[in-house]
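Take a look at the structure set out below.
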Protein chains: 2
Amino acid sequence: MHFDPRGPSKYVQFADFLRQQIESGELAPGALLPSESALMQRYEVSRPMARKAVAILRNEGLVTTEQGVGTKVRELPAERQPLFLEADAEAVARMPSEHERVELELDYGVPVIEVHIDGEIHLHSADEVVLRAAAPARATKTATRRARKA
Amino acid sequence: MHFDPRGPSKYVQFADFLRQQIESGELAPGALLPSESALMQRYEVSRPMARKAVAILRNEGLVTTEQGVGTKVRELPAERQPLFLEADAEAVARMPSEHERVELELDYGVPVIEVHIDGEIHLHSADEVVLRAAAPARATKTATRRARKA
DNA sequence: CCGGATTTGTACGTATGTATT
DNA sequence: GAATACATACGTACAAATCCG
């Protein structure tokens with residue numbers, strides 16, 4: 001690993017390097033990244049730089065880290081739950097506040113989807129659902145499903 | 001500002017304190033936050049703690065910071081562009097990679113919406129659009145709009 | 001259950017660089 | 001050019017959570 005002094009900052013380059021290993025599958029979903037000390041030694045970076053690079057990937061939702069354990073490549077649910085958007089509903093995506101993130105038990109780097117319908121607002125974890133247009137109303141109307149709590 | 005030693009970490013508490021000032025309107029959209037040195041002096045926090053607290057708000061999409069200028073409360077577009085979801089389309093939300101973020105000129109803490117349709121993928125800045133179900137196909141089919149490049 | 005090793009988290013300090021005003 | 005403001009980069013020390021023998 002060699003850092004280009006003319007390129008972007010060191011931790012961005014380092015994050016790019018690690019991201020590439022994830023996207024290439026070299027670091028598979030569920031796999032543990034090298035520890036901070038390992039990264040420091042192997043690539044000759046300081047601890048702050050190793051941590052900043054990992055933080056970037058965390059904010060991108062690519063990895064999660066647990067104290068005392070390490071940083072793992074995040075595995076997204078194979079099957080996303082379809083979230084049907086009714087004709088009179090609207091949906092926006094945004095990042096949760098820290099409070100919401102803890103409340104909904106979300107990893108860092110996971111947006112929320114805010115569905116507005118009938119004056120109510122429903123929050124969903126963005127990486128568990130896929131939005132689809134609801135079929136136009138017929139005899140019976142299928143109820144929209146709430147995101148399940150873990 | 002007093003920090004509870006039994007509570008969450010100092011920078012989380014400090015971020016909560018600043019977030020409250022934003023949500024209460026005390027710090028209005030467009031307003032400049034106190035500079036790092038000002039925060040350090042007024043609230044007796046170290047520079048790393050002031051920076052970490054602001055970083056949290058940045059990752060939540062609440063503020064943006066420019067080097068040499070300062071950190072401002074982000075003002076979201078009053079009018080979001082409606083993004084109509086066709087019956088055969090799907091949409092998911094996620095955080096952009098650093099490369100995508102720069103490419104799309106997004107602030108930190110702004111998710112992207114990925115619309116899958118006809119085997120193509122279209123990316124949209126999550127804070128410029130609101131998703132709606134497209135009206136069922138009639139005589140003429142309204143074309144989906146692409147996100148405009150700035 | 002306990003102790004030790006490992007791993008990440010928190011908190012502070014310093015110095016220098018870069019962009020803006 | 002000077003002052004201000006954020007960014008980068010390195011260092012230290014200790015705390016907290018987890019894991020393992």
Handout entry: Rounded interatomic separation in angstrom, taking CE from M40(A) and P from dT6(C)
Key = 15 Å
Practice task
Starting at atom CG of L39(B), determine the distance to atom P of dC12(C), rounded to an integer number of angstrom.
Solution key: 14 Å
Exercise for the section: Rounded to the nearest angstrom, tell me the gap between atom CG in L32(B) and atom P in dT20(C). Expected result: 15 Å
Exercise for the section: Decide yes or no on ring-ring contact (aromatic ring centres under 6.0 Å, His included) for Y43(A) and F17(A), but give the supporting numbers first. Expected result: CA-CA 11 Å; Y43(A) 304 109; F17(A) 171 73; 5.1 Å; yes
Exercise for the section: Look up atom NE2 in H116(A) and atom CG in L85(A), then write down how far apart they are to the nearest 0.5 Å. Expected result: 11.0 Å
Completion exercise
Here the distance between atom P of dC12(C) and atom CZ of R47(A), to the nearest Å, is 16 Å
Exercise for the section: Please check the phosphate of dT8(C) (OP1 and OP2 only) for any side-chain N or O of R51(A) closer than 4.0 Å. Expected result: no
Handout entry: Contact nearer the 5' end of DNA chain D, comparing V69(A) with E44(A)
Key = E44(A)
Fill in the blank from the handout: When rounded to whole Å, the OH to C1' distance for the pair Y108(A) and dT8(C) reads 12 Å
Fill in the blank from the handout: By nearest-heavy-atom nucleotide on DNA chain D, the more 5' of P34(B) and E66(A) is P34(B)
Problem - Whole-Å gap separating C1' (dT8(D)) and NZ (K10(A)) - result: 11 Å
Handout entry: Q67(B) side-chain proximity, nearest of dT18(C), dA11(C), dC10(D)
Key = dT18(C)
Problem - Listed nucleotide nearest any side-chain atom of E36(A), set dA9(D), dT8(C), dG11(D) - result: dT8(C)
Exercise for the section: Find out whether E98(B) and R19(A) are in side-chain contact, i.e. whether some heavy atom of one side chain is under 4.5 Å from a heavy atom of the other. Expected result: yes
Fill in the blank from the handout: Taken to the nearest whole Å, OH/Y11(A) to P/dA7(D) is 8 Å
Problem - Out of dA11(C), dT8(D), dC10(D), whichever nucleotide has its closest atom nearest the side chain of S9(A) - result: dT8(D)
Practice task
Find the distance between OG1 (T64(B)) and CG (L57(B)) and round it off to the nearest 0.5 Å.
Solution key: 11.5 Å
Exercise for the section: To the nearest Å, give me how far apart CD1 (I56(A)) and P (dA7(D)) are. Expected result: 13 Å
Practice task
Could you tell me whether the phosphate oxygens of dT10(C), OP1 or OP2, come under 4.0 Å of any side-chain nitrogen or oxygen in S46(B)?
Solution key: no
Practice task
Please determine, for the side chain of K52(A), which listed nucleotide (dT10(C), dT8(D), dG9(C)) has the closest atom?
Solution key: dT8(D)
Problem - Side chain of P48(A) - closest among dC12(C), dC6(D), dC10(D) - result: dC10(D)
Problem - Any I113(B) side-chain heavy atom under 4.5 Å of L123(B) side chain - result: no
